[in-house]
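Here the structure comes first, spelled out in structure tokens, and everything after it is commentary.
This is a predicted model, so every value here is computed, not measured.
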Amino acid sequence: MQAWRVHRNGEPSEVMELEETDRPTPGDGQVLLKVLAANINFPDALLCRGQYQVRPPLPFTPGVEICGETEDGRRVLATPALPDGGFAEYVVADEAALLPVPDALDDAEAAALHIGYQTGWFGLHRRARLQAGETLLVHAAAGGVGSAAVQLGKAAGATVIGVVGGPEKAAIARRLGCDLVIDRRSEDIVTAVKEATGGRGADVVYDPVGGDAYAKSVKCIAFEGRVVVVGFASGTIPAPGLNHALVKNYSIVGLHWGLYNTKDPAAVRACHDELTKLAAQGVVKPLVSERLPLADAARGVQRVADGTSTGRVVVLPAGGTR
């Protein structure tokens, strides 16, 4: 089969190589899946760079989530077992962790539903306890992780403020349903949020960016607000001033969705059931901006790494368009 392999760490476009290799062999409790669609995530870029919290042995295949097909023809969502990731024609995955694909979504949309939407749901509902009528501030609102949070925030009845970089991404954030869009390149985030909330600030901040985004967020956080730390796409990990959190009475909460797979797998399945219902209602629908053949996967991962993509970029190893 064909698979992208990383033999040394570096930028995805430089270190990912498309090769002929053997199909992976399922171990105990695992199944072989044909990859219908593999969603590109920022962690795929970090894996290539050797900067992710998980460092698979070299060589490895990146690709942390897929929509796959079982031998009996069922469409399922899976997180492939590294070092044999999803940018390949076949993967193996733990059978107990497979989730059924919602009928309302095609292969590419389904591949993008799993990690990003689960992260959003757990971040907003389990960690931040977002309530209807509250104001949610989402950074990188036109990106893969941010777009999921925007849709889930609207589904929860929140007023959603999206922060983006540039007019093209601003237009996408508006189409996603943001009540207010702030272009960080031309507008001051703190001033805009305070004006939009009558000086109160944002009740919940969803931050997959870190760096300056975090610094601006805590300057416009509401009384008893909650900042959900999701990731550090900016490359800068903030050093929170706990005296500031004390004085302003807000909470800083972390969200590592992967821990729920081991600590509370039942909650993951319950979340998927909820996401399936929302997908059936048309309330959530992953924004797939590009559908790439397997041969273009490295280019797609590099675009996500550079922050130039919008929504989700999905690889279709089977060459289909679903």
*Val92 side chain near Leu32 side chain, heavy-atom distance below 4.5 Å*: yes
_Can you confirm whether Glu71 is buried at CD, in the sense that more than 12 heavy atoms of other residues, nucleotides or ligands lie under 6.0 Å from that atom?_
no
*asked:* Check this for me: Asp72, atom CG, are more than 12 non-hydrogen atoms of other residues, nucleotides or ligands nearer than 6.0 Å?
replied: yes
*Going by an N to O cut-off under 4.0 Å, is there a salt bridge joining Arg49 and Glu11?*
yes
*Would you confirm whether the ring centroid of Trp121 sits within less than 6.0 angstrom of the ring centroid of His272?*
no
*asked:* Restricting to non-hydrogen atoms, name the atom on Ala215 and the atom on Lys219 that form the minimum distance, rounded to 0.1 Å.
replied: O-CG, 3.4 Å
*Would you check if the distance from the ring center of Tyr214 to the ring center of His139 is below 6.0 Å?*
no
*State whether the side chain of Gln118 and the backbone N or O of Val268 hold a donor-acceptor pair below 3.5 Å, judged by distance alone.*
yes
_Lys248, NZ atom: more than 12 neighbouring heavy atoms under 6.0 Å_ = yes
*Is it true that a side-chain atom of Thr191 and a backbone atom of Asp188 form a donor plus acceptor pair closer than 3.5 Å?*
no
_Does this structure show an ion pair linking Lys216 with Asp212, if we count only N-O contacts that are shorter than 4.0 Å?_
yes
*Got more than 12 heavy atoms from elsewhere within 6.0 Å of CZ, Arg74?*
no
*CD/Glu19: more than 12 non-hydrogen atoms of other groups inside 6.0 Å*: yes
*asked:* Please check: side-chain N/O of Asp306 versus main-chain N/O of Thr308, any donor-acceptor pairing under 3.5 Å?
replied: no
*Check: Val209 main-chain N/O paired with Ser234 side-chain donor or acceptor under 3.5 Å*: yes
*Using atom types as modelled and distance alone, determine if a side-chain donor or acceptor of Ser289 lies under 3.5 Å from a backbone N or O of Arg312.*
yes
_Please give me the minimum heavy-atom distance between Ala202 and Ile221, naming the atom from each residue._
O-CD1, 3.3 Å
*What's the shortest heavy-atom distance between Ala112 and Tyr117, and which atoms?*
O-CD1, 3.5 Å
*Ion pair check, Arg185 and Asp183, cut-off under 4.0 Å*: no
_Hydrophobic cluster identity match, Ile172 and Val138, side-chain contacts under 4.5 Å_ = yes
*Could you tell me whether the side chain of Arg55 and the main chain of Gly50 form a donor-acceptor pair under 3.5 Å?*
yes
*Between Leu33 and Phe60, is there a shared hydrophobic cluster once you connect ILVMFWY residues whose side-chain heavy atoms come closer than 4.5 Å?*
no
*Among Lys34, Arg23, Glu69, find the one that has a side chain to side chain donor-acceptor pair (under 3.5 Å) with Tyr90.*
Arg23
*Output yes when a side-chain donor or acceptor of Gln302 lies under 3.5 Å from a complementary backbone atom of Arg299, and no otherwise.*
no
*Hey, is the main chain of Gly27 close enough, under 3.5 Å, to the side chain of Gln30 for a donor-acceptor pair?*
yes
*In plain terms, say whether Asp106 and Arg291 are close enough for a salt bridge, that is, a side-chain N and a carboxylate O under 4.0 Å apart.*
yes
*Please answer whether the main-chain N or O of Ser217 pairs with a side-chain N or O of Asp207 as donor and acceptor at a distance below 3.5 Å.*
no
_Residue pair Ile161 / Thr135, side-chain heavy-atom distance below 4.5 Å_ = yes
*Would you say the side-chain atoms of Asp107 pair up with the backbone N or O of Leu36, donor to acceptor, closer than 3.5 Å?*
no
*May I ask you to say whether Lys285 pairs ionically with Glu109, meaning some side-chain N is under 4.0 Å from a carboxylate O?*
yes
*Heavy-atom pair with the smallest gap, counting every atom of His114 and Thr79*: CE1-CG2, 3.6 Å
